[in-house]
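The sequence lines fix the lettering, A, B, ..., with proteins before strands; numbering per chain opens at 1.
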Protein chains: 2
Amino acid sequence: MATQRDLQAEDTRKKIMHAASEEIYRVGFQSASVGEILRKLGISKGCFYHHFPTKQELGYAVLEENFAQFQAEIWQPVFNDPNPLRAVIKMLGNAGNIIDKERVKLGCPINNLAQEMSPIDEGFRTRVEKIYQLWRTRLTESLLRAQKDGHMRRNVQAGEIAVLIMTVMQGAVGIAKNAQNHAMFADCTRGLTRYLKSLQLNN
Amino acid sequence: MATQRDLQAEDTRKKIMHAASEEIYRVGFQSASVGEILRKLGISKGCFYHHFPTKQELGYAVLEENFAQFQAEIWQPVFNDPNPLRAVIKMLGNAGNIIDKERVKLGCPINNLAQEMSPIDEGFRTRVEKIYQLWRTRLTESLLRAQKDGHMRRNVQAGEIAVLIMTVMQGAVGIAKNAQNHAMFADCTRGLTRYLKSLQLNN
DNA sequence: GATTTGACAGACTGACCGGTCTGTTCGTAT
DNA sequence: ATACGAACAGACCGGTCAGTCTGTCAAATC
């Protein structure tokens, strides 16, 4: 059973994760300072290294947390929709709302970690690769379902469209981040949205 | 006139730039160590800080160099082609050849700098923004020309297509980098290529 | 109630960082 | 011939980093 101490410890761990997630999101993993994170929380080094063996492991944990959040917020609504193609179009349109000012400035936390760490840390790379693979597969399945259910034209490759959608999203996030312009994301996805609409049936 | 000393100095500066460009490309700007770069070259600190006031200025110089190289290698052939749409399609197809193994692993140097530094250094951000803006404008002009010359369908917005192309390229480079898979770039651009081909006329 | 142990505290280490400062050397201008 | 200054050398500085180690304390266990 969970003792009082266990609960306290778990709470501390969550605090560290949350603060670390923010800091890493702001300045990148390599530039994020463990000491700085702890200073903000008023937590000691000893405490931190009791919960995490290395900074690297902290990074992996943060990545997993970001994945879970992103998945629930962005992709699950698409995967679960009876008309996934329409849901994607809606999601792209909504992104302007979901993506607040801070997120425009800082981009996608998962993508940031991927771009920064993939070439120099295999652990990050494989974890992100699995995430992308999962989303690619699920999105392809969803689009195949849309075709089967008569919501989407059948003379296009669902897998190819799924990859296109993910590619455009990744590109759009990156460009909007650099431009630090809220409208830029919409600009970058407009062409894709128009194309996806041309694939819709019975709508 | 250029004295012997001027030539020597310029040579040294170029050596530093080249080594720095490589190191920054490999590990990112923040993690690139000035000392490490100099150690590889067998050049002293004093020498370096004689040529560059700060590490930051070195970064800006490297960015400009990368820009010039990329521009000449990738975009000029497109902008100058009598049939720019066809040239873009060709460029996307050729990218698999231009982008060698190392580049797949490390991505696009400009994009890397943008993603890493834009949120925390306005100097990097504005420089990259100018570069993207230039390419976007030039590409739009090129596509408008393609439409005027009857190489491209006129019922689409050239500007929208230009942004789509740049977005997909950025996304594709990022995804291929993470996957560290040479074929992934082609996978990510296949959907776009097919779409662009559907816009071709008189070909 | 004594003992154990998990949760935490914080001083400390050695490596490394960007940048400075004081030379030294030698081509160049006078 | 000499004086000058650009090009370079490298020791050095204050600060930061991830990670370690020893110690404390209170909750859990017996």
Side-chain angles (χ1 to χ4, degrees), chain A residues 1-24 26-63 113 116-117 120-124, chain B residues 1-24 26-63 113 116-117 120-124:
Chain A
M1 80 212 172
T3 66
Q4 179 186 332
R5 250 210 276 201
D6 290 340
L7 295 174
Q8 174 65 29
E10 199 184 331
D11 182 60
T12 308
R13 195 189 144 89
K14 274 184 185 165
K15 266 187 198 161
I16 294 173
M17 288 272 292
H18 188 254
S21 180
E22 271 194 356
E23 186 69 5
I24 291 171
R26 271 196 339 116
V27 301
F29 177 75
Q30 293 178 89
S31 291
S33 155
V34 172
E36 179 61 27
I37 292 165
L38 300 178
R39 222 167 294 136
K40 277 182 188 166
L41 289 173
I43 282 178
S44 69
K45 271 276 176 82
C47 177
F48 173 79
Y49 279 96
H50 176 74
H51 287 280
F52 298 92
T54 60
K55 183 189 176 188
Q56 193 182 42
E57 284 300 327
L58 169 68
Y60 294 162
V62 165
L63 176 58
L113 278 173
E116 179 188 1
M117 299 306 294
I120 52 178
D121 185 301
E122 188 66 9
F124 277 104
Chain B
M1 81 207 174
T3 66
Q4 180 186 332
R5 245 208 274 199
D6 290 340
L7 295 173
Q8 174 66 29
E10 200 184 331
D11 182 61
T12 311
R13 197 189 142 90
K14 272 183 185 165
K15 266 187 197 161
I16 295 173
M17 287 273 291
H18 188 253
S21 180
E22 271 195 357
E23 186 70 5
I24 291 171
R26 269 195 342 115
V27 300
F29 177 75
Q30 294 179 88
S31 291
S33 154
V34 172
E36 179 62 24
I37 292 165
L38 300 178
R39 220 167 294 136
K40 276 183 187 166
L41 288 174
I43 282 179
S44 68
K45 272 274 174 84
C47 178
F48 174 79
Y49 279 98
H50 176 74
H51 287 281
F52 298 91
T54 60
K55 183 189 176 190
Q56 194 183 41
E57 284 299 327
L58 170 69
Y60 294 163
V62 165
L63 176 57
L113 278 173
E116 179 188 1
M117 299 305 294
I120 51 178
D121 186 301
E122 187 67 9
F124 276 105

For A:R39 and D:dG15, what is the distance between atoms CZ and P respectively, to the nearest whole Å? 13 Å
Expressed as a whole number of angstroms, how long is the span from A:Q4:CD to C:dC8:P? 12 Å
Within residues 46-59 of chain A, the residues having a heavy atom closer than 4.0 Å to DNA chain D are A:Y49, A:T54, A:K55
Please report the distance, rounded to the nearest Å, between CD1 in A:I16 and C1' in C:dA7. 11 Å
Does any N or O donor sit under 3.5 Å from an N or O acceptor when you compare the side chain of A:K45 with the base of D:dA18? yes
Pairwise distance CG(A:D6) to CG(A:D11) - rounded to 0.5 angstrom: 12.5 Å
For B:E10 and C:dG27, give me the distance from atom CD to atom C1', rounded to whole Å. 17 Å
Starting at atom CG of A:D6, determine the distance to atom P of C:dA7, rounded to an integer number of angstrom. 6 Å
When rounded to the nearest 0.5 Å, the distance separating CG of B:L58 from CZ of B:R13 is 8.5 Å
Go through the steps for B:K40 and B:E22 under the test side-chain contact (heavy atoms from CB on, under 4.5 Å), then give the verdict. CA-CA 11 Å; B:K40 276 183 187 166; B:E22 271 195 357; over 6 Å; no
Check the distance between D:dG10's P and B:L41's CG and give it to me in whole angstrom. 14 Å
Taking the side chain of B:S33 as heavy atoms from C-beta outward, which of D:dA18, C:dC17, C:dT5 is closest to it? C:dC17
Rounded to whole Å, CG of A:L7 lies from P of C:dC8 at a distance of 12 Å
About how many Å separate CZ of B:R39 and NZ of B:K45, when rounded to the nearest 0.5 Å? 8.5 Å
Measure the spacing between CD1 of B:I24 and CE of B:M117 and express it to the nearest 0.5 Å. 9.5 Å
Below 4.0 angstrom from OP1 or OP2 of C:dG6, is there any side-chain N or O of A:Q8? no
For C:dA7, does OP1 or OP2 lie under 4.0 Å from any side-chain N or O of A:T12? no
To the nearest angstrom, the CD-C1' distance between A:E23 and D:dA18 comes to 15 Å
Looking only at the side chain of B:T3 (C-beta and beyond, no hydrogens), which of the listed nucleotides D:dC17, D:dA28, C:dA29 gets closest? C:dA29
Heavy-atom nearest pair, A:Q30 first then A:E116, reads N-OE2, 2.9 Å
Could you tell me whether the phosphate oxygens of C:dG10, OP1 or OP2, come under 4.0 Å of any side-chain nitrogen or oxygen in A:S44? no
Answer yes or no for A:K55 and A:F29: cation-pi contact, defined as NZ/CZ to six-membered ring centre under 6.0 Å and angle to ring axis within 45°. yes
